[in-house]
Chemist: 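Starting off with a structure, shown below.
On a predicted model such as this, the values are computed, not experimentally measured, just so you know. Just so you know, these numbers use all the heavy atoms, side chains as well, and skip hydrogens, waters and symmetry mates. In this chain, numbering begins with 1 at the start of the sequence shown.
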Amino acid sequence: MSENFASHLLHGAPFRFAKTMPHIPHEYTRRKDWPCESSFEWVVRFIRENGVTESFGRKSYIYFYANGFK
């Protein structure tokens with residue numbers, strides 16, 4: 001499985017707008033909203049193993065670029 005598969009799964013994933021942080025607009029997805037828990041877990045592992053570490057504020061996070069999103 002590959003980056004294309006991860007991008008495909010994320011493209012079809014349910015995302016929610018983070019309404020508690022409108023000054024830093026972003027969306028997120030939750031395990032409980034995915035129809036297939038094993039797909040969610042696979043994507044999380046893939047991102048952790050293949051994502052890029054970048055700083056945001058004083059912290060570092062792992063990011064994955066897919067489908068025009070970060």
Chemist: Flag this pair as yes if the NZ/CZ of K70 is under 6.0 angstrom from the six-membered ring centre of Y65 and inside a 45 degree cone about the axis; otherwise no.
Modeler: no

Chemist: Under 4.5 Å between any side-chain heavy atoms of I62 and V52, yes or no?
Modeler: no

Chemist: Donor-acceptor pairs under 3.5 angstrom involving side-chain atoms of residues 9-27: please list them, not counting sequence neighbours.
Modeler:
unit_1, atom_1, unit_2, atom_2, d
R16, NE, Y28, OH, 3.4
H26, ND1, I24, O, 2.8

Chemist: How far apart are the closest heavy atoms of W34 and V43, and which atoms are they?
Modeler: CH2-CG2, 3.9 Å

Chemist: Pair V44, R48 - check side-chain contact (heavy atoms from CB on, under 4.5 Å), show working.
Modeler: CA-CA 6 Å; V44 170; R48 287 178 178 166; 3.5 Å; yes

Chemist: Report yes or no: do F69 and I47 belong to one cluster of Ile/Leu/Val/Met/Phe/Trp/Tyr joined by side chain heavy-atom distances under 4.5 Å?
Modeler: no

Chemist: Would you say the ring centers of F64 and F46 fall short of 6.0 Å from each other?
Modeler: yes

Chemist: Does a salt bridge link R31 with E41, judged by any charged N lying under 4.0 Å from a carboxylate O?
Modeler: yes

